[in-house]
Amino acid sequence: MSGNKKTAGFEPKIVGFLCNWCSYAGADKAGTAQTPYPPNVHVVKVMCSGRVDPQFVMEAYENGADGVIILACHPGDCHYKEGNYRAVQRNRILKQLLSQFGIEEERCRLDYVSAGEGEKFVRVITEMVESVKRLGPLSVNKKRAAV
C-alpha cells in the first residue's frame, strides 16, 4: 500500500460488468477453486459485454464507483458472434468521454476472461484494485456527495 496520505487505508469501490457466458463463468471458476481475490468488485452480470453502454459506466461513477472493469469473451469466442467487438468500439468512445470528465483512463479497464480462466480473472481483478488504490478515491465522487 502506498504511503501517500490520500490513499492510506483507501479501499476502492469497483463495478465489474461481466459477460454471462465467459467472464462471469471465469469468476465462478475462481470461486469454485476457492482462489482468493480482493472483495472490492461489485459484479454486474450482463448477457454480453457488447451490451455495456458507456452510460452504464458513467452511472457507476456517479453512484460512487472509483473504477469500472468490463470483462468480455476473447475475440472470436463471443456467444453473440460480434458482441465483444462492439464492446471494444464502445470502449474507445468511453475513454474519450472519461477524459472529458477528468476521469483517469486507468479507472476503466476492458479485458478478456474466458470461462476456463479463473486464475486470469483473479489476476485481472487484483491488478485493477491495485491500480485504482494507487490513484486514490475518485474526486468526482466527493463533488457529487457535497451536492
Criterion side chain to side chain contact (heavy atoms under 4.5 Å, CB included) on L71 and I69, from CA distance to verdict: CA-CA 6 Å; L71 297 179; I69 189 163; 3.8 Å; yes
Spatial distance of atom CG (N91) from atom CZ (R109) [nearest 0.5 Å]: 11.5 Å
Min side-chain heavy-atom separation E117-Y112 under 4.5 Å: no
CZ on R92 to CG on L97, rounded to 0.5 Å: 16.0 Å
Nearest atoms (heavy-atom pairs only) where V15 meets A65: CG2-CB, 3.9 Å
H79, NE2 atom: more than 12 neighbouring heavy atoms under 6.0 Å: yes
Side-chain touch Y80/C73, heavy atoms, less than 4.5 angstrom: no
Considering all heavy atoms, the nearest G76-N84 contact: N-ND2, 4.0 Å
NZ/K95: more than 12 non-hydrogen atoms of other groups inside 6.0 Å: yes
Side chain to side chain contact (heavy atoms under 4.5 Å, CB included) partner of I103, the single match among L98, L135, L94: L98
Side-chain polar contacts of residues 29-41 - donor-acceptor pairs under 3.5 angstrom, sequence neighbours left out - could you list them?
from	atom 1	to	atom 2	distance (Å)
T32	OG1	D28	O	2.9
N40	ND2	E11	OE1	2.9
N40	ND2	P12	O	3.0

Heavy atoms of other groups near K120 NZ, more than 12 under 6.0 Å: yes
Shortest non-hydrogen contact between F10 and G136, atoms and distance: CE2-C, 3.5 Å
Note, M128 side chain near I14 side chain (heavy atom, < 4.5 Å): yes
Please list, one pair per line, the donor and acceptor atoms closer than 3.5 Å that link side chains of residues 44-56 to other protein atoms, with sequence neighbours excluded.
from	atom 1	to	atom 2	distance (Å)
D53	OD1	Q55	N	2.7
Q55	NE2	E59	OE2	3.1

Distance in Å, E82 CD paired with R86 CZ, rounded so as to fall on 0.5 Å steps: 7.0 Å
4.5 Å side-chain heavy-atom contact, Y85 and C78: no
W21 versus A115, closest heavy-atom pair with distance: O-CB, 4.1 Å
Derivation of the side chain to side chain contact (heavy atoms under 4.5 Å, CB included) call for R107 and V68: CA-CA 6 Å; R107 290 188 185 273; V68 173; over 6 Å; no
N-O pairing of K133 and D66 below 4.0 Å: no
Under the ring pair (Phe, Tyr, Trp, His ring centres under 6.0 Å) test, residues paired with F17 that sit two or more places apart: none
Lys/Arg-Asp/Glu bridge criterion (N-O < 4.0 Å) met for E127, R123: yes
Atom pair CZ/OG of F101 and S99 - distance to nearest 0.5 Å: 10.0 Å
Over 12 non-hydrogen atoms of neighbours within 6.0 angstrom of CD in E106: yes
